[in-house]
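Residue numbers run from 1 in the order of the sequence given. Please read all numbers here as calculations on a predicted model, not as lab measurements.
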Amino acid sequence: KRRPVADPYFIANPLGLQDALDLERCGPEWSPISTDVIDTVKRLVVRPERVDAGVEMFRLKHYLHRVLVRRELADAIDAAGFTGVSWQRLSDYRSI
């Protein structure tokens, strides 16, 4: 709306996809339109050994709906007092 923002802000949009989704354990429902995209999963199961070591924030290949963050980065974001973020454990995530 062309009004100046009083405080600085940042937008994070991780572009590099990690092929770390455990497809067999997730129970994916594939998109009928984009056949390489997953619409929903029964549970979100990530294979941590398949996430590049230096990556702290990422999206999953095929399942682009969520941004994942390593716990250490989430703790640092909380400690820095960032606002407008919320966290959910992978074990609590359901998309269906």
Cluster link L90 to I77, ILVMFWY, side chain under 4.5 Å: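 Not linked; separate clusters.
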
Please step through side-chain contact (heavy atoms from CB on, under 4.5 Å) for the pair T40 and W30, ending with a clear verdict. CA-CA 7 Å; T40 59; W30 294 88; over 6 Å; no

Could you list the residues that satisfy side-chain hydrogen bond (donor to acceptor under 3.5 Å, both in side chains) with D22, not counting sequence neighbours?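 With neighbours one apart ignored, the set is empty.
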
Can you tell if the side chain of P28 reaches within under 4.5 Å of the side chain of D39, non-hydrogen atoms only?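 No. Closest side-chain heavy atoms not under 4.5 Å.
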
Checking [X] side chain against [Y] main chain: does a donor-acceptor pair fall under 3.5 Å?
X: S34; Y: D36; answer: no
X: H62; Y: V37; answer: no
X: E72; Y: A76; answer: no

Reported [atom1]-to-[atom2] distance for the pair [X] and [Y], which is rounded to 0.5 angstrom:
X: L44; Y: D92; atom1: CG; atom2: CG; value: 11.0 Å
X: Y63; Y: I38; atom1: OH; atom2: CD1; value: 8.5 Å
X: C26; Y: R43; atom1: SG; atom2: CZ; value: 7.5 Å

Would the number of heavy atoms belonging to other residues, nucleotides or ligands and lying under 6.0 Å from CD of E24 be above 12?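 Not buried by this count: 12 neighbours or fewer within 6.0 Å.
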
Donor-acceptor pairs are to be reported for all side-chain atoms of residues 51-61 against protein atoms at under 3.5 Å, with residues two or more places apart or in another chain.
| unit_1 | atom_1 | unit_2 | atom_2 | d |
| --- | --- | --- | --- | --- |
| D52 | OD2 | Q18 | NE2 | 3.4 |
| R59 | NH1 | L64 | O | 3.1 |
| R59 | NH2 | N13 | OD1 | 3.2 |

Stepwise, does the side-chain contact (heavy atoms from CB on, under 4.5 Å) test hold for R47 with R25? CA-CA 10 Å; R47 297 181 58 189; R25 294 176 56 205; over 6 Å; no

Identify every side-chain donor-acceptor pair in residues 78-86 under 3.5 Å, counting partners at least two apart or on other chains, and give the distances.
| unit_1 | atom_1 | unit_2 | atom_2 | d |
| --- | --- | --- | --- | --- |
| D78 | OD1 | W87 | NE1 | 2.9 |
| D78 | OD2 | W87 | NE1 | 3.2 |

Quick check: closest heavy atoms across P32 and T35, and the distance to 0.1 Å?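 Closest approach of P32 to T35, heavy atoms only: O-CG2, 4.4 Å.
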
